[in-house]
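Each residue takes its place number in the sequence, starting with 1. Just the heavy atoms: all of them, side chains too, but no hydrogens, waters or symmetry mates, feed the values below.
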Amino acid sequence: MSGQDGETLDGIRRRIDALDDEIMRLISERADCAQEVARIKRAADPRAEFYRPEREAQVLRRIQAANPGPLNSEEMARLFREIMSACLALEQQLSIAFLGPEGTFTQAAALKHFGHSVNTVPMNAIDEVFREVESGSAHYGVVPVENSTEGVVTHTLDRFMQSPLSICGEVELRIHHHLLSVVGELPQVERIYSHQQSLAQCREWLDARLPHAERLPVSSNADAARRAAREPGAAAIASEAAAELYGLNVLAANIEDSPDNTTRFLVIGPRSSGPSGNDKTSLLISARNRPGSLHGLLSPFADNDVSLTRIESRPSHCVNWEYVFFMDIEGHAQNAHVAKALVELKQEAELVKVLGSYPKAVL
């Protein structure tokens, strides 16, 4: 058998083997460079930071822009994400706390952002993820912050009011929900476990196909899968990874009502990242109790050509009927026009807390 240019199948395979050897040599050379970077950094500062979110975002964007094909740019970036993850592990093994248990979408988001050469640590609640990072037991944490159909995760926003941690990255994850069970057919399903948001995101599908099954909210979809694996007649709404982890059948795939169902996660750590060239900044703001205060909070952004991409209000938990605002703006706090807007904002607001500047999600 020959290729279009007359090359035999055996010849193509030999060429692939040679390319694989060259790829392996280049990856090893890159790993040597990573170890040399670690040596130089440690010599300059024994407590040096090895993970640089802005640098990794720049590398991945450059790879996407330079990709010649035929692999698409996102797939190429994923491959380099794993190479970078493995090389970073030679410098420093990162520990990443996430909202567990094993098999949650939050764990999937952590692995998408950091690659698979990190140690992921499941926590039982969002508060625990924050505390794990605050105590230094984990280098970073990953928590959900909003879903494209169900809105913000209020527990995450509220935790930022007391936490000293900064946002240093974001992850956007396309959410596919599957109905999982040990049973083999839909009519055998008597009750369905899932996180409350997932039940809401699949409401129409459940109403049409399993209207009589009891719906039971639990702390996470992975917990739902764990319960479904133990109980006859039970099913869970969870991910494909959860199905593999807990040995469940996929009775129905992609049962989410919205085809564009996406959840945004935040990476939290001890400090913000440096400018990457395409960044966001998140703010916590408290308005003064006077007429026109909200207008005063927004004017500095408009006056300095800073784009406001999200605003959410939450009770302050200090005084009844007082609120704080969470805002996302485009740009890094070190950018001149953003810095000027923040100076003007501090003159108008009761409180301005920069929660972090970080690269926009690349993958």
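Under a 4.0 Å N-O distance rule, the pair Arg215/Asp207 qualifies as a salt bridge. With respect to Arg227 and Asp223, a salt bridge is recorded, a charged nitrogen being found less than 4.0 Å from a carboxylate O. Ion pairing between Arg203 and Asp257 fails under the 4.0 Å rule for side-chain N and carboxylate O. Arg174 has a carboxylate O that lies under 4.0 Å from a charged side-chain N of Glu256, or vice versa, which qualifies the two as a salt bridge. Using a 4.0 Å cut-off between charged nitrogen and carboxylate oxygen, Glu56 and Arg52 do not count as a salt-bridge pair. One finds a salt bridge joining Glu75 and Arg78 here, because a Lys/Arg side-chain nitrogen approaches an Asp/Glu carboxylate oxygen to under 4.0 Å.
When atom types are taken as modelled, the side chain of Gln188 and the backbone of Gly184 share a donor-acceptor pair closer than 3.5 angstrom. Side-chain atoms of Asn67 come within 3.5 Å of backbone N or O of Leu71 as a donor-acceptor pair. Glu170 contributes a side-chain N or O that, together with a main-chain N or O of Ala361, makes up a donor-acceptor pair within less than 3.5 Å. Side chain of His178 to main chain of Ala241: no donor-acceptor pair is present (N/O by atom type, distance under 3.5 Å, no hydrogens or angles). Remark: side-chain polar atoms of Asn249 are paired, donor with acceptor, to backbone N or O of Val183 under 3.5 angstrom. A donor-acceptor distance shorter than 3.5 angstrom exists from the side chain of Ser299 to the backbone of His295, with no hydrogens or angles considered.
Listed by chain and number, the residues in a side-chain contact (heavy atoms from CB on, under 4.5 Å) with Asn278 are Arg61, Lys360 (sequence neighbours excluded).
In this structure, Ile167 and Phe160 have side chains that are in contact, with non-hydrogen atoms separated by less than 4.5 Å. Between Thr281 and Val306, every side-chain heavy-atom pair lies at or beyond the 4.5 Å cut-off. Taking 4.5 Å as the limit, some side-chain heavy atom of Ser148 sits within range of a side-chain heavy atom of Thr262. A 4.5 Å side-chain heavy-atom check between Leu111 and Gln107 finds at least one atom pair inside the cut-off. Here the side chains of Leu266 and Leu355 are not in contact, with every heavy-atom distance at 4.5 Å or above. Residues Val171 and Val267 have side chains in contact (heavy-atom distance under 4.5 Å, counting atoms from C-beta outward). At least one side-chain heavy atom of Leu345 sits under 4.5 Å from a side-chain heavy atom of Leu297. The shortest distance between side-chain heavy atoms of Phe130 and Gln162 does not fall below 4.5 Å.
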Next on the checklist: For a side chain to side chain contact (heavy atoms under 4.5 Å, CB included) check, start with the C-alpha distance between Ile285 and Val324, then their side-chain angles and the critical distance, and finish with the verdict.
Outcome noted: CA-CA 6 Å; Ile285 302 171; Val324 296; over 6 Å; no
Item to check | Derivation and outcome, salt bridge (Lys or Arg N to Asp or Glu O under 4.0 Å), residues Glu22 and Arg25 | outcome: CA-CA 5 Å; Glu22 180 65 7; Arg25 185 189 69 78; 2.7 Å; yes
Next on the checklist: Pair Gln334, Ser357 - check side chain to side chain donor-acceptor pair (under 3.5 Å), show working.
Outcome noted: CA-CA 9 Å; Gln334 294 181 21; Ser357 291; over 6 Å; no
Item to check | Intermediate values then yes/no, side chain to side chain contact (heavy atoms under 4.5 Å, CB included), Ile329 and Thr309 | outcome: CA-CA 5 Å; Ile329 59 176; Thr309 60; 5.9 Å; no
Next on the checklist: Could you go through Asn147 and Gln197, starting from their C-alpha distance and side-chain angles, then the distance that decides it, and tell me whether this counts as side chain to side chain donor-acceptor pair (under 3.5 Å)?
Outcome noted: CA-CA 9 Å; Asn147 177 264; Gln197 278 210 344; 4.9 Å; no
Next on the checklist: Assess the residue pair His176 and Asn254 against the criterion (side chain to side chain donor-acceptor pair (under 3.5 Å)); give the C-alpha distance rounded to whole Å, side-chain angles, the decisive distance to 0.1 Å, and a yes or no.
Outcome noted: CA-CA 5 Å; His176 290 295; Asn254 300 339; 3.3 Å; yes
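Nearest approach of Pro270 to Ser166, heavy atoms of both residues: O-OG, 4.3 Å. The two residues Pro232 and Arg191 make their nearest non-hydrogen contact at O-NH2, 3.0 Å. The shortest non-hydrogen separation linking Ala222 to Tyr246 is O-CE1, 3.8 Å. Between Arg271 and Cys168, the closest heavy-atom pair is O-CB, 3.5 Å. Residues Ser282 and Tyr358 share a closest heavy-atom pair of OG-OH, 2.8 Å. Shown here for Leu99 and Thr104, the closest heavy-atom pair between the two residues is O-OG1, 2.9 Å.
Heavy-atom contacts from other residues, nucleotides or ligands closer than 6.0 Å to CG of Asp303 number more than 12. Remark: Glu231 CD is packed, more than 12 non-hydrogen atoms of other residues, nucleotides or ligands lying under 6.0 Å away.
For residues 98-124, the set of pairs meeting the salt bridge (charged side-chain N to carboxylate O under 4.0 Å, His left out) definition, not counting sequence neighbours, is empty. Within the structure, every pair that satisfies the ring-ring contact (aromatic ring centres under 6.0 Å, His included) test and touches residues 88-122, not counting sequence neighbours, is listed here: Tyr51-Phe114, Phe105-His177, Phe114-Tyr140.
Here the straight-line distance linking atom CG of Asp279 with atom CD of Glu54 works out to 8.5 Å at 0.5 Å rounding.
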